[in-house]
Amino acid sequence: MNPKTLYDKLWDQHLVEDDPNGTSLIYIDRHLVHEVTSPQAFEGLHLAGRKPWKTSSMLAVPDHNVPTTVDNSEIDDPVSRLQIQTLDQNCNHFGITEFGMSDPRQGIVHVIGPEQGATLPGMTIVCGDSHTSTHGAFGALAFGIGTSEVEHVMATQCLISQKSRNMRIWVSGELNPGVTAKDLVLHIIGVIGTAGGTGYAIEFAGPVVEALSMEGRMTVCNMTIEAGARAGMIGVDQTTIDYFKGRPYSPKGDMWEQAAQSWKDLNSDENAHFDTQIEIDGFDILPQVTWGTSPEMVVSIGDTVPDPDQESDPVKREGMENALRYMGLEAGTPMNEIGLDLVFIGSCTNSRIEDLRAAAKLAKGRQVSDTIKQAMVVPGSGLVKRQAESEGLHQVFIDAGFEWRNPGCSMCLAMNSDQLKPGERCASTSNRNFEGRQGQGGRTHLVSPVMAVAAAIAGHFTDPARL
Amino acid sequence: MEKFTTLEGKVMPLDRANIDTDAIIPKQFLKSIKRSGFGPNLFDEWRYLDHGEPGRDNSSRPLNPDFIMNTPRYQNSQILLTRENFGCGSSREHAPWALLDYGFRCIIAPSFADIFFNNCFKNGILPIVFNDKVVENLFDQVEDQSGFTIRVDLQNQNIELPDGEILEFEVDSFRKHALLNGLDDIGLTLQKADVIRDYEARRANEAPWLFS
Ligand code: SF4
C-alpha cells in the first residue's frame, strides 16, 4: 500500500464519490452552526421544502453577537437580537440541538465542540466560519465553508470539494521557557506568510508539536487559516485520546475502546509524500507581537518595528507603509516601548482553561497599569468560566484589575458592543489584526495570553519573563 | 432553483467596468437574516440620493434620476449588459441574491470575477461572456432602440437580437445541464442520495460511534 498522509487518510475515509468533472463528494460527520452564517441557509431549506439530512450531526450555538457583560444579558442592537432569535427558531423548528444564550454550556463554537466531545478524531467537521480549522488539532479534517455550502451540508450531509495538496510543517527542538503555542503559530505565519498555505492542507508535526497540550494544539490549528490554508491538522497520540475520555458526546464503553483503537491510525505513514515540507527550529522562537494589519506582520518582543525602506519588493513596501500609517507606528520603535489602551484576553484562539491559568499565574499579585483604560478576560465557554471560577482564577483577575466577562466572541470581531474606538490600541489574544477588525479605526496587536497580561501590567509590551 | 431555458427580456445597459460586490449590494445589508428582499437595495448607493439602511422603507427614498436603472425606459429589465470584471470583490452571495431579487436572470459582460461567476450559476442566473467588440455593439444598439429586447436560448447557446441576428455563446456543459433542469448543487447531490446512503451504511460499520 502507498504510504498516506493524515490528510490523505481523512480524505479517503470520507470520499463518497469522485465526479468526472473533477470534484469530489465528501461526507461530513459534524456540522457546527452559529447565528451569523446560518440564517440564509435555513431559509434556503425552507424555500425549497427540504429538511436537514442528519440533525444529529448538527450542534448550534450563538456566539458572535452575544453580550459578555456579566450584569447585562440584554442585546441592545435589534439586528443582533434578531440573528440570535432566528437561530433559536430554526433549531427549534428542525429539532437541532442548540446551546442557547442561557445554557451554561454556551460559548464560542470552536471551544464548545471539543469541550463536549462533539469534535472527535477522524471526523470531518465544517462550520460557516473560517476558524473551524481549530478542530484539526484532534486528527480531524475541519474547515470553514460559505453560506451556500452550509445549506448544502444541511440538506445532503455532503460537500462538493476538491482535494488540497499536502504540506507538513515540522517543528524540531523545544520551545524556550515562556514561549507558547500562540508564539509558535505567529512565528510560523511570519515565516510562510499569509498566503503560504494557500491550496494546502497543513499538518503540524515534530517534537515541539507533540509536546503541546490539546489547548496549545488548538491554538496552532486555529490560526492555520491565517496562513492561507483552510485546514490544519495534527496526528493523534495519547494526549489526544486522553482529552476525550468521559466527555458528554464521546463514545462510551466498548465503543470507546473501538474508537480509541482506530484513532491511533490517524497519523501520517512513514515516507508519506508531502508536496511541501517546512522545518522550523523551536529554539528560534521568542515571544511574538504583531506590528501591522496582517498576522504575518509579526516580530519578536526584543525587535523593533520594521522599516519599509529596507523592503525591496515595492508591493510589500507599500503594504508596510499603509500598515504603519494605520497602526500609528514609526519604523524603528522598539516593540517593548509601544503603550496600550486596552487588553483583550479571549477568542477561539486563546480562551480555554489552560490560557486562563497561564494568564492568571502571571497576573497574580500584580496590578493592571493605570495607563490601561480597560483590560478584560472573556472565557471561551460557560464551562471554561465555571472551571476558572472553581479554581479562583476569576478572583485573581478581578484583584489585578481585569474585568471578568461572560463567554462569547466579544472583542475578537466586535460584533457585539465590545469594540475599540478609533485610534485605540489593543493587545489581543485573538487571531486577526485586520483594519477595523476590533472596531472601526482600532489598532490590534496579536499576542499570547501571557504577553497580554505582561502588557496590561507594564502598560506596554514587555517580555513576560522579565516581569 | 428556478430553471433557465429561454428568456425573452428587456436589456439594461450599465456602462462601468469593475463593478464590485459592495456596489452591487452595500455591506450594511449583510446583517440581514434573509437571502430574499435585497432587490430594492441593488446598487443602493448609485440608485438613491440618501444613505440606505436595512429595515428602511425604500419606496419613499429619493431616487437618483441620473442612474440608468431609474429611467422609465429600462424599468422591468431582466438582462443586464455591463463591462469587464463584473462582480469583483468579496465572495458574498448577497450580490447574486440582490440581482435575482430585482429580476435580473441574465448578465452579459466581456468578463466576470471568478467567484461571482460561480455564484450566479448557483442561484439560477446565466452569466454570458461576449468579446469586447460584441459587447460594444450591444451597448450601441440598446442605447439606440428604446425597449431593446433579446431572446436568450440556453439549450442552443445563443441570443437573438431584434433584427434577427443570432450570437452564439459558450457555457460549461455541467453548468448548462444544472441551469436547464433547475438543479442547484443541492438538487444535483440529492440525485445521488442512494450513493450517500450506501456510504453511510459502510461507514457505520467501520466507525459506529459516528452514527449512534
Ligand atoms: S472568537 Fe473570533 S475568530 Fe473565533 S469564531 Fe468568534 S469571531 Fe470568529
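Quick note on labels: first sequence line is chain A, next is B, and so on, each numbered from 1.
Per-residue heavy-atom pair counts under 4.5 Å with chain B were compared for Met123(A), Gln13(A), Gln83(A), and the maximum is reached by Gln13(A). Per-residue counts of heavy-atom pairs under 4.5 Å with chain B were compared for Gln157(A), Arg50(A), Glu149(A); the largest is that of Arg50(A). When each of Gly44(A), Ala48(A), Pro78(A) is checked for heavy-atom pairs under 4.5 Å with chain B, Gly44(A) comes out on top. The candidate from Phe174(B), Trp97(B), Trp209(B) with the greatest count of non-hydrogen atom pairs under 4.5 Å with chain A is Trp209(B). The candidate with the highest count of non-hydrogen atom pairs below 4.5 Å against chain A, out of Ile196(B), Leu188(B), Asn123(B), Asp184(B), is Ile196(B).
For Ser77(B), the side chain to side chain donor-acceptor pair (under 3.5 Å) criterion is met by no residue, not counting sequence neighbours. The side chain to side chain donor-acceptor pair (under 3.5 Å) test applied to Arg83(B) returns Asp15(B), Glu136(B), not counting sequence neighbours. In this structure, the salt bridge (Lys or Arg N to Asp or Glu O under 4.0 Å) partners of Arg61(B), at least two apart in sequence or on a different chain, are Asp44(B), Asp50(B).
Residue Glu200(B) touches chain A through its side chain alone, counting heavy-atom pairs closer than 4.5 Å. With a 4.5 Å cut-off on non-hydrogen atoms, Leu15(A) touches chain B through its backbone but not through its side chain. Neither the backbone nor the side chain of Asp172(B) comes within contact range of chain A, judged by heavy atoms closer than 4.5 Å. Interface residue Val79(A): only side-chain heavy atoms are found under 4.5 Å from chain B. Of the atoms belonging to Ser173(B), not a single heavy atom falls under 4.5 Å from chain A. Contacts of Lys34(B) with chain A are made by both backbone and side-chain atoms, with heavy-atom separations under 4.5 Å.
Contacts between residues 247-262 of chain A and chain B, counted as heavy-atom pairs separated by less than 4.5 Å, involve Pro251(A), Met255(A), Gln258(A), Ala259(A), Ser262(A).
By the 6.0 Å contact criterion, CD on Glu206(B) is enclosed, its count of non-hydrogen atoms from other residues, nucleotides or ligands being greater than 12. Within 6.0 Å of CD on Gln75(B) lie more than 12 heavy atoms contributed by other residues, nucleotides or ligands.
Counting all heavy atoms, side chain and backbone alike, His152(A) lies closest to Asp185(B) at NE2-O, 3.5 Å.
Between Glu151(A) and Arg35(B), at least one side-chain N (NZ, or NE/NH1/NH2) sits under 4.0 Å from a carboxylate O, which counts as a salt bridge. We find that Asp12(A) and Arg203(B) are not joined by a salt bridge, their nearest charged nitrogen and carboxylate oxygen being 4.0 Å or further apart.
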CA sep, side-chain torsions, deciding dist, call: Thr147(A), His94(B), side-chain contact (heavy atoms from CB on, under 4.5 Å): CA-CA 10 Å; Thr147(A) 296; His94(B) 301 70; 5.9 Å; no

Evaluation steps, side-chain contact (heavy atoms from CB on, under 4.5 Å), between Arg197(B) and Trp53(A): CA-CA 11 Å; Arg197(B) 284 201 194 91; Trp53(A) 181 279; 3.9 Å; yes

Working for side-chain contact (heavy atoms from CB on, under 4.5 Å), residues Glu43(A) and Ser36(B): CA-CA 9 Å; Glu43(A) 191 196 17; Ser36(B) 51; 3.1 Å; yes

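Summarising the geometry, atom CD1 belonging to Ile33(B) is positioned 3.0 Å from atom OG1 belonging to Thr86(A); distances are rounded to the nearest 0.5 Å. Rounding to the nearest 0.5 angstrom, the gap separating the OH atom in Tyr199(B) from the CD atom in Glu17(A) is 13.0 Å. Rounded to the nearest 0.5 angstrom, Asn118(B) CG and Ser148(A) OG are separated by 10.5 Å. The line from CZ of Phe211(B) to CG of Asp29(A) is 6.0 Å long, rounded to the nearest 0.5 Å. Put simply, OG1 on Thr189(B) and CG on Leu25(A) are 5.5 Å apart, with the number rounded to the nearest 0.5 Å.
Between the side chain of Gln40(A) and the backbone N or O of Ser32(B) there is at least one donor-acceptor pair closer than 3.5 Å.
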